[in-house]
Amino acid sequence: MAAPRLLLLTLALALATCWAGRADGHGVHPLSRIAIHRARVALDASSAVGASPELLGSRGEDTAWVTVEFSVPHASDGDWIGVFSPANFNASTCPGSHGSGPGPVICSAPIKFQFANYSTGYAESGKRTLKFLLINQRQDFSFGLFTGGLSNPTLVAVSNKIAFANPKAPVYPRLALGKTWNEMTVTWTSGYDSNEAYPFVEWGMKGRRPGHEPAGTVTFGRDSLCGEPARTVGWRDPGFIHSAFLKNLLPEKEYKYRIGHKLHNGKVIWGKSNSFTAPPCPGHKSLQRVVIFGDMGKAERDGSNEYQNYQLASLNTTDALIKDLDNTDIVFHIGDISYANGYLSQWDQFTQQVEPITSRVPYMLASGNHERDFPNSGSFYNGTDSGGECGVLAETMYYAPSWYSTDYGMFRFCVADSEQDWREGTEQYKFIEHCLATVDRAKQPWLVFIAHRVLGYSSGFSYGYNGAFAEPMARQSLEKLWRRHRVDVAFYGHVHQYERTCPVYEEKCVKEGTVHVVVGGGGSHLTNFTTEVPPWSVYRDMDYGFGKLTASDDTTLKFEYRRSSDGLVYDSFVVHKDKQNV
């Protein structure tokens with residue numbers, strides 16, 4: 001009996017280590033630490049905060065550095081500066097409020113914050129300066145100086161208002177493959193309703209006269225969301241999201257495009273000029289490179305602690321992808337996208353962070369628990385990880401169906417939604433079976449399955465602890481499908497680490513089987529492995545990184561795992577096919 005007791009002890013210690021991160025802030029949304037509903041307003045004439053410059057983006061920039069100077073008569077470690085947008089954040093903006101009577105005096109969380117003592121010497125003088133990097137988010141900004149820490153905040157000073165020259169400007173284009181292989185969608189955000197300005201994309205092949213493609217426009221209100229904080233302190237007007245469908249693309253040709261809005265007076269408000277390469281037609285043999293990762297989130301380049309100790313490596317992953325973008329054709333971000341968790345301002349900040357990627361190559365999503373899950377909302381799991389978003393933000397900000405198939409040259413991707421029921425007999429199971437069964441392997445030899453949660457194999461600690469080494473019931477429903485249709489590789493996120501299996505079936509390494517790869521180290525806090533290594537686990541790395549598939553013919557598929565910190569390859573494998581068996 002000693003061995004089982006030792007194993008239980010090992011698991012208990014590992015679980016304690018895994019959960020210990022919760023105590024020091026890992027996995028807890030920093031904006032949720034601010035008890036904004038308890039905030040008091042006690043403006044103090046001896047305290048002050050000011051921001052400059054007042055006008056941002058005068059040359060069309062969508063980001064700008066702002067200097068904030070502040071002072072208090074009695075400095076303390078609990079003093080902090082919050083960035084609020086819109087700039088008017090008093091009780092008059094509370095839902096159903098007319099600015100008087102009982103109730104909270106501040107109803108919206110800041111979009112980011114920094115502690116005052118980030119500035120050296122603040123404790124001694126009570127006067128200092130901080131730098132904030134702001135992005136164009138359709139509204140003006142102001143800065144609040146608070147005392148009392150995050151749990152008992154007291155507003156003692158409010159800055160002047162600052163704003164971008166055109167807060168409504170079209171920003172942050174996001175490309176995605178459309179409903180057919182030769183269609184590209186362009187999605188972006190602006191402050192222009194379609195009744196105010198006509199949204200469109202100017203586009204065409206390089207060297208030819210461009211045409212115009214009209215865009216559809218959508219938005220949503222609080223009632224479209226399903227819970228807190230998304231409907232309360234996390235709410236922020238999302239503006240308007242526009243999507244245009246560029247059709248009948250010629251394979252692998254370069255296209256130029258730019259987003260625009262035509263006002264009633266005939267003036268056009270333009271976004272930045274960009275370009276993309278059209279996808280190869282199904283079955284076409286050429287160099288095709290696919291990046292896959294999950295669980296990245298966002299971080300702040302100005303040092304704001306809004307995501308400190310939560311998305312530690314998000315910027316490293318983003319920068320590594322940007323650096324290698326000329327060698328990338330399509331990107332799959334497979335769940336846990338922004339980690340906004342119901343604080344809607346974070347989606348704007350995420351789209352800005354990845355815009356250098358999404359404006360040039362298709363950026364495909366899969367749904368994760370931090371996009372979809374909320375009690376009684378129809379999700380398969382009953383957690384609260386979406387913060388009341390319930391998939392609305394992810395599926396509106398990006399062109400991203402819940403589950404879908406997409407063809408890219410020699411690849412067929414079957415992208416599942418692990419937050420909806422995937423068991424045998426369900427609508428999604430039928431989709432997965434159809435996606436796998438209908439690919440012509442003579443034209444598209446490389447068949448890839450994608451889901452956020454691990455539906456295959458993982459020795460991440462939480463999966464090892466439940467004894468299934470995957471989501472319970474997952475392999476019982478899906479493993480026979482993968483084997484029957486000879487899925488080459490299956491990718492997952494959710495577990496914040498990297499792991500690769502052998503070709504495996506029913507927990508045994510086999511000569512011909514599916515390789516399962518966890519690429520959940522995109523940026524969120526890392527999680528532990530089980531102490532014992534299962535026999536099907538070939539390589540494990542508790543670090544941040546992403547995966548990359550490369551194919552140039554129908555017999556050889558190469559995979560590389562690269563760390564975000566240096567972009568170097570730390571693990572790789574090659575899948576070989578006999579042409580007679582393709």
Side-chain angles (χ1 to χ4, degrees), residues 31 36 43 48-70 80-94 99 106-114 129-146 155 157-173 188-193 195-197 199 219 233-242 259-261 263-265 267-272 298 300-304 306 343-353 355 397:
L31 293 183
I36 203 69
L43 299 180
V49 58
S52 63
E54 293 189 353
L55 182 65
L56 311 176
S58 58
R59 297 182 179 179
E61 304 95 332
D62 51 35
T63 65
W65 284 96
V66 174
T67 300
V68 179
E69 298 180 352
F70 54 94
W80 55 278
I81 303 289
V83 185
F84 289 85
S85 179
N88 180 19
F89 59 94
N90 59 34
S92 66
T93 63
C94 295
I106 301 176
C107 293
S108 60
I111 62 175
K112 65 168 75 175
F113 68 92
Q114 293 186 30
T129 298
L130 290 173
K131 295 278 191 180
F132 286 88
L133 181 62
L134 300 186
I135 70 168
N136 193 342
Q137 291 184 259
R138 302 172 304 284
Q139 301 281 354
D140 54 3
F141 303 85
S142 64
F143 297 79
L145 173 57
F146 290 82
L155 179 66
V158 180
S159 78
N160 53 297
K161 297 179 181 180
I162 64 175
F164 278 83
N166 182 6
K168 294 185 174 184
V171 289
Y172 320 134
W188 72 95
T189 308
S190 84
Y192 291 112
D193 189 350
N195 295 326
E196 183 180 5
T219 189
V233 297
W235 167 258
R236 189 177 187 275
D237 191 304
F240 300 96
I241 295 90
H242 316 276
I259 53 180
H261 293 260
L263 305 179
H264 292 312
N265 62 7
K267 181 181 179 180
V268 176
I269 307 299
W270 291 108
K272 298 176 182 177
K298 57 169 288 294
E300 295 292 339
R301 296 190 186 274
D302 61 8
S304 291
E306 176 237 352
Y343 292 89
L344 274 61
S345 63
Q346 310 306 291
W347 277 99
D348 285 317
Q349 295 177 27
F350 176 80
T351 59
Q352 187 277 329
Q353 178 176 309
E355 185 268 344
M397 298 293 285

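- With no hydrogens or angles considered, a side-chain donor-acceptor pair links R236 and S85 at under 3.5 Å.
- Pairs engaging residues 51-61 under the side-chain hydrogen bond (donor to acceptor under 3.5 Å, both in side chains) rule: E54-N160 [sequence neighbours left out].
- Between the S142 side chain and the A87 main chain, a donor and an acceptor come within less than 3.5 Å of each other.
- Between D140 and P86 the shortest side-chain heavy-atom distance falls below 4.5 Å.
- Note that the OH atom of Y172 and the NZ atom of K272 stand 8.0 Å from one another [nearest 0.5 Å].
- Listed for the H261 side chain is no donor-acceptor partner under 3.5 Å among the backbone atoms of K168.
- No donor-acceptor distance shorter than 3.5 angstrom exists from the side chain of S190 to the backbone of A169, with no hydrogens or angles considered.
- With rounding to the nearest 0.5 angstrom, the CD1 atom of I81 is 10.0 Å from the OG1 atom of T129.
- Note that the CD1 atom of I36 and the CG atom of L155 stand 8.5 Å from one another [nearest 0.5 Å].
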M397 and I241: side chain to side chain contact (heavy atoms under 4.5 Å, CB included), yes or no, with the steps? CA-CA 7 Å; M397 298 293 285; I241 295 90; 3.9 Å; yes
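- Within the 4.5 Å cutoff, no side-chain heavy atoms of S159 are placed close to those of F70.
- A centroid separation of 6.0 Å or more is found between the aromatic rings of F113 and F146.
- Judged by distance alone, the side chain of D302 and the main-chain N or O of L133 form a donor-acceptor pair under 3.5 Å.
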So F143 and V66, side chain to side chain contact (heavy atoms under 4.5 Å, CB included) or not? Walk me through it. CA-CA 11 Å; F143 297 79; V66 174; 3.9 Å; yes
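- Under the 3.5 Å distance criterion, with hydrogens and angles disregarded, a donor-acceptor pair is assigned to the side chains of Q114 and S304.
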Y343 and W235: side chain to side chain contact (heavy atoms under 4.5 Å, CB included), yes or no, with the steps? CA-CA 6 Å; Y343 292 89; W235 167 258; over 6 Å; no
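- Classification of the F89-F84 ring pair by plane angle, with boundaries at 30° and 60°, yields parallel.
- Between the Q352 side chain and the N136 main chain, no donor and acceptor come within less than 3.5 Å of each other.
- A donor-acceptor contact closer than 3.5 angstrom is absent between the side chains of K298 and Q353.
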